[in-house]
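Nothing fancy with the numbering, it's 1 onward along the sequence. These numbers come from the heavy atoms of this one structure, side chains and all, not from hydrogens, waters or symmetry mates.
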Amino acid sequence: MISENTLISILQANRLMRSDDEIAAFENALAELANNPKSEYLPELHLVLDD
């Protein structure tokens, strides 16, 4: 399993979703985080999901 910090880094790196690869990476990381939600990571997630 990939660490939560790594998954958040993947979200940050791909948040603009400019290509199919970025979209897939973003969606996969988000799905993995959703499978194991932990409230302590919400502040970091709010910075990624800022639209």
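- Atom CG of Leu11 sits about 12.0 Å away from atom CD of Glu22, to the nearest 0.5 Å.
- Here Phe26 contributes atom CZ and Leu7 contributes atom CG; the two are 11.5 Å apart, rounded to the nearest 0.5 Å.
- Across all their heavy atoms, Ile23 and Met17 have their closest contact at CG1-CB, 3.6 Å.
- Here the CD1-CD1 distance, from Ile2 to Ile8, works out to 12.5 Å after rounding to the nearest 0.5 Å.
- In this structure, Leu16 is not a member of the same hydrophobic cluster as Leu30, with clusters built from ILVMFWY side-chain heavy atoms closer than 4.5 Å.
- Here the CD-CG distance, from Glu32 to Asn28, works out to 9.0 Å after rounding to the nearest 0.5 Å.
- Between Glu40 atom CD and Leu45 atom CG the span is 10.5 Å, to the nearest 0.5 Å.
- The minimum heavy-atom distance linking Gln12 with Arg15 is given by the pair O-NH1, 2.9 Å.
- With 3.5 Å as the limit, one finds no donor-acceptor pair spanning the side chains of Thr6 and Ser9.
- Cluster membership for Leu42 and Leu47, using ILVMFWY side-chain heavy atoms within less than 4.5 angstrom, is not shared.
- The number of heavy-atom neighbours closer than 6.0 Å to CG of Asp20, taken from other residues, nucleotides and ligands shown, is 12 or below.
- Considering all non-hydrogen atoms of both residues, Ser39 and Pro43 come closest at O-CD, 4.1 Å.
- Closest approach of Ala25 and Ile10 over heavy atoms only: O-CG2, 3.7 Å.
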